[in-house]
Number of protein chains: 2
Amino acid sequence: MAKRVSHWNAGCPVARALDVIGDWWSLLIIRDAFDGVRRFGELQTSLGIAKGMLATRLRDLTDRGILQTAPASDGSAYMEYVLTSKGRGLFLVIVALRQWGEQHLYQADEPRSSMIDRHTRAPVPRLQLHAKDGRRLTWRDTEVLKVAKDPGPAARRR
Amino acid sequence: MAKRVSHWNAGCPVARALDVIGDWWSLLIIRDAFDGVRRFGELQTSLGIAKGMLATRLRDLTDRGILQTAPASDGSAYMEYVLTSKGRGLFLVIVALRQWGEQHLYQADEPRSSMIDRHTRAPVPRLQLHAKDGRRLTWRDTEVLKVAKDPGPAARRR
DNA sequence: CGCTTCTAGTTCTATTTTAAGACCAGTTTA
DNA sequence: TAAACTGGTCTTAAAATAGAACTAGAAGCG
C-alpha cells in the first residue's frame, strides 16, 4: 500500500482511538490481557498470530502506554505483558464489542464464550448509556458537536 | 501480506465482531453514518479515504448487513447508505471508543468533538456497566467463561 | 555439569492490502 | 447542449501481513 493514513489529527476521539488500537490484532491482544494472558507464548498460541506480528504489536502497545512489561510472576527470568491503567480503560470497548457480537453474529445454538459477574456467576447485563437525570439514551437522543474545523485528512494532504 | 487471518471461528464474540468491523476504516464509516453522513461523496471527503477503499468497504458493510442502500432522500437518482438495525447496534461501541479516546488521548486544551444529549444539550455522561442488582461492575468483577474448546486458529491451521 | 528443550524473539520472503491517482459512464446543472 | 458532478472501476507502487526459518539466552533433566 502506501503508508496507512493516520486518523490522529481528525479532532474526533473515535478516530484517535482507532488510530491507536484500530488495527487487526490490538483489541484481541487486549482482550486476552483482560482474561489474564500475560506471556508472549501464551498470547501467540491463544491468538494464532504470527510471532513477528505479535512482537511488533506488543512493542506498539507498550510504546503507546496500553501495556507494560513486568518481571514474570512465576519467578523465571522472562517478562510478561500487563495492562496499564490506560489499557484497562478499554474494558467497556471490549464489553460493547462482545455484546454486539453476541447479539448480532451468532445463531442461537452456536457455542460462544460469555462474560459473567464474578460474585453472582450470572451473565453480565447489557451496557446502557444514561443521561445525568437517569434517562436511557439511544443514538437518537445524542448528537456530536464538531470542533472548530480541522480541514480533514484529504485537505491536509494537499 | 498473506491473506489476513479470520477471527470468525474463535468462539469469542469479540473476535467475531472484529472480524466484521475490525479493519482500519469500518468503524469510522459507521461513526459518520451515525452523524448523518449518507452519500458516497460526503463520506469520501469527510474521511479522506481513497475512493477504491471506500467502495469496497461500503460493499462489505452492506453485504454484512450493517449498512443498506436506499434511494437518495433529496430526490436525485443517486443512492445513499444508511445503518441497518444491526449497524445501529454498534452505537455503544462508538461511544465507548469515544469516551476512552477523550479520557486518554487528549491534552486538556486540545479541541475535539463531543457527544451531547439532544434534549438537555449537556455532555453525555460516561458509560457504566451494572450487574442486575445495580452494583457497578469493573473489569475486576467480571470473568469470561470460555466455550467447550475450539482448538484455536493455530491448531486449526495444522 | 552438559545436553536438550523451551522462550521470546528477529529476519526473510511471497502475497495481499492499501493509497492514490487516472479514467469513465450516467446524472444533474447552467 | 455543454460542462460539471457523482459514484464508482482500474492500475500501479509501496507497505503490512503471514508464515517459516533461524537464534540467543534461560530452564529442565539426568
Distance in angstrom units between B:Asp60 CG and C:dT17 P, rounded: 11 Å
Taking only heavy atoms on the protein side, list every residue of residues 21-31 of chain A lying under 4.0 Å from any atom of DNA chain C, sorted numerically. none
Calculate the interatomic distance between B:Phe40 atom CZ and C:dT27 atom C1'; express it in whole Å. 16 Å
Within 45° of the axis and under 6.0 Å from the centre of the six-membered ring of A:Trp8, does NZ or CZ of A:Arg16 qualify? yes
Check the phosphate of C:dG9 against A:Tyr81, side-chain N and O only, distance under 4.0 Å to OP1 or OP2. Yes or no? yes
Taking atom types as they are modelled, would you say the side chain of A:Lys51 forms a donor-acceptor pair with the base of C:dA8 within the 3.5 Å cutoff? yes
Residues A:Arg98 and A:Ser113: side-chain donor-acceptor under 3.5 angstrom: yes
Criterion side-chain contact (heavy atoms from CB on, under 4.5 Å) against A:Cys12, the qualifying member of B:Glu102, B:Arg112, B:Arg31: B:Arg31
Verify the ring-centre separation between A:Phe91 and A:Phe34: is it less than 6.0 angstrom? yes
Write down the distance between CG (A:Leu47) and P (D:dA18), rounded to a whole number of angstrom. 11 Å
Presence of B:Arg59 side-chain N/O under 4.0 Å of D:dT9 phosphate oxygens OP1/OP2: yes
Any B:Arg39 side-chain nitrogen or oxygen under 4.0 Å from OP1 or OP2 of D:dG7: yes
What about B:Tyr78, does its side chain sit under 3.5 Å from the base of C:dG26 through a donor-acceptor pair? yes
Which listed nucleotide (C:dT17, D:dA27, C:dG9) is nearest to the side chain of A:Ser76? D:dA27
Under 4.5 Å side-chain heavy-atom separation, chaining through any Ile, Leu, Val, Met, Phe, Trp or Tyr, what else clusters with B:Ile116? Say none if it is isolated. A:Leu145
Within this structure, what is the CG-to-P distance between A:Leu43 and C:dA8, rounded to whole angstrom? 9 Å
Expressed as a whole number of angstroms, how long is the span from A:Leu54:CG to C:dT11:P? 16 Å
In whole Å, I'd like the distance from the CE atom of A:Met79 to the P atom of D:dA27. 12 Å
With a 4.0 Å limit, can you tell me whether A:Arg57 has a side-chain N or O closer than that to the phosphate oxygens OP1/OP2 of D:dT17? yes
Please name the pair of heavy atoms, one in A:Leu97 and one in B:Val93, separated by the smallest distance, quoted to 0.1 Å. N-CG2, 3.8 Å
Side-chain atoms of B:Met53 come closest, of C:dA19, D:dA26, C:dG26, to C:dA19
Could you check how far CZ of B:Arg4 sits from C1' of C:dT16, rounded to whole Å? 10 Å
Output yes when A:Arg4 and A:Asp23 qualify as a salt bridge under the 4.0 Å nitrogen-oxygen rule, no when they do not. no
Separation of A:Lys3 atom NZ from D:dA16 atom C1', in whole Å? 12 Å
Determine all donor-acceptor pairs shorter than 3.5 Å in which one atom belongs to a side chain in residues 67-76 of chain A; sequence neighbours excluded.
residue, atom, partner, partner atom, Å
A:Ser73, OG, A:Glu80, OE1, 3.2
A:Ser73, OG, A:Glu80, OE2, 3.3
A:Asp74, OD1, A:Ser76, N, 3.0
A:Asp74, OD1, A:Ser76, OG, 3.0
A:Asp74, OD2, A:Arg39, NH1, 3.3
A:Ser76, OG, A:Tyr78, N, 3.4

When you get a sec, tell me which of C:dA8, C:dT27, C:dA19 is the closest nucleotide to the side chain of B:Ala77? C:dT27
For A:Gly75 and A:Gly52, take the nucleotide of DNA chain D holding the closest heavy atom to each; which residue's nucleotide lies nearer the 5' end? A:Gly52
